[in-house]
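Both backbone and side-chain heavy atoms feed into the values below; hydrogens, waters and symmetry mates do not.
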Amino acid sequence: MRSPMLCLPDNHYRENLNKAWSRTLGYETSECLNHSMHDYLYAEDRELWLKFLTQVHANLELACWELRFHHKNTEIVWLELSARSKSQGEISGSLTNITERKQAQAALKTANQALETRIEQLRIEKQERKQAEATLQVTLQELSLCGVISRFAI
């Protein structure tokens, strides 16, 4: 469910948060006011956050990005940000918790990789089996010829 969670003035320090922010990231609203979003962003996503802000400020169209945040309990929470620039550089938008979707996508990717690995193993095993069967056929033919030759020799 998408719910408005933030209102950022031009300096990017939150001035207005609702209870959805607290439910999503575990911080009380009072703990977060006048703190930069950088304080809650996953370190590797801080550059993406700056690109997000650039896109939002560049036009009035809705910008949507997926970023990771730190929950108060130290877990990583994936949030989809949808925002637009309002008057005087203010940003208003919503954050949607997409952590379960990201976890499902990661699990699916892992399962797919395991399946692809198993398929490759089966392909190799099939090829090895064909080679062993061909070798067995040659050996059987050689044994058969030896039996035929030894009968004539007696």
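For residues 128-137, the set of pairs meeting the salt bridge (charged side-chain N to carboxylate O under 4.0 Å, His left out) definition, not counting sequence neighbours, is empty. Residue pairs that meet the salt bridge (charged side-chain N to carboxylate O under 4.0 Å, His left out) test with at least one member in residues 95-108, sequence neighbours left out, are E66-R101, E66-K102, E80-R101.
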Would you check, one step at a time, whether the test side-chain contact (heavy atoms from CB on, under 4.5 Å) holds for T96 with L79? CA-CA 5 Å; T96 304; L79 297 177; over 6 Å; no

Between H38 and L50, does the side-chain contact (heavy atoms from CB on, under 4.5 Å) criterion hold? Intermediate values first, please. CA-CA 10 Å; H38 280 265; L50 296 176; 3.9 Å; yes

Stepwise, does the side-chain contact (heavy atoms from CB on, under 4.5 Å) test hold for T24 with N97? CA-CA 7 Å; T24 303; N97 189 340; 4.0 Å; yes

Start with the C-alpha gap between Q103 and T99, add the side-chain angles, then the distance that decides, and say whether side-chain contact (heavy atoms from CB on, under 4.5 Å) holds. CA-CA 6 Å; Q103 290 169 340; T99 303; 3.6 Å; yes

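Considering only residues two or more places apart in sequence or on other chains, E47 meets the side chain to side chain contact (heavy atoms under 4.5 Å, CB included) condition with K51. Contacts of E125 classified as side-chain hydrogen bond (donor to acceptor under 3.5 Å, both in side chains), with partners at least two apart in sequence or in another chain: none.
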Ignoring hydrogens and angles, write down the donor-acceptor pairs under 3.5 Å from the side chains of residues 107-118, residues two or more places apart or on other chains.
residue, atom, partner, partner atom, Å
T110, OG1, A106, O, 3.0
N112, ND2, E116, OE2, 3.2
T117, OG1, Q113, O, 2.9
R118, NH1, Q121, OE1, 3.3

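Of the inter-residue distances, the one linking W65 atom CH2 with L95 atom CG reads 15.0 Å to the nearest 0.5 angstrom. Taken from CG in L41 to CZ in F69, the straight-line distance is 4.5 Å, to the nearest 0.5 Å. Rounding to the nearest 0.5 Å gives a distance of 4.0 Å between CG of D45 and CZ of R68. Rounding to the nearest 0.5 Å gives a distance of 8.5 Å between CG of L53 and CE of M37.
Closest non-hydrogen pair, E31 versus H35, comes out as O-CD2, 3.0 Å. Scanning both residues, R84 and V56, for their nearest heavy atoms gives C-CG1, 3.6 Å.
A ring-ring contact (aromatic ring centres under 6.0 Å, His included) with H70 is found for one member of Y40, Y42, Y27 and no other, namely Y42.
By the 4.5 Å side-chain criterion applied to Ile, Leu, Val, Met, Phe, Trp and Tyr, I98 is assigned to a cluster that also includes W78.
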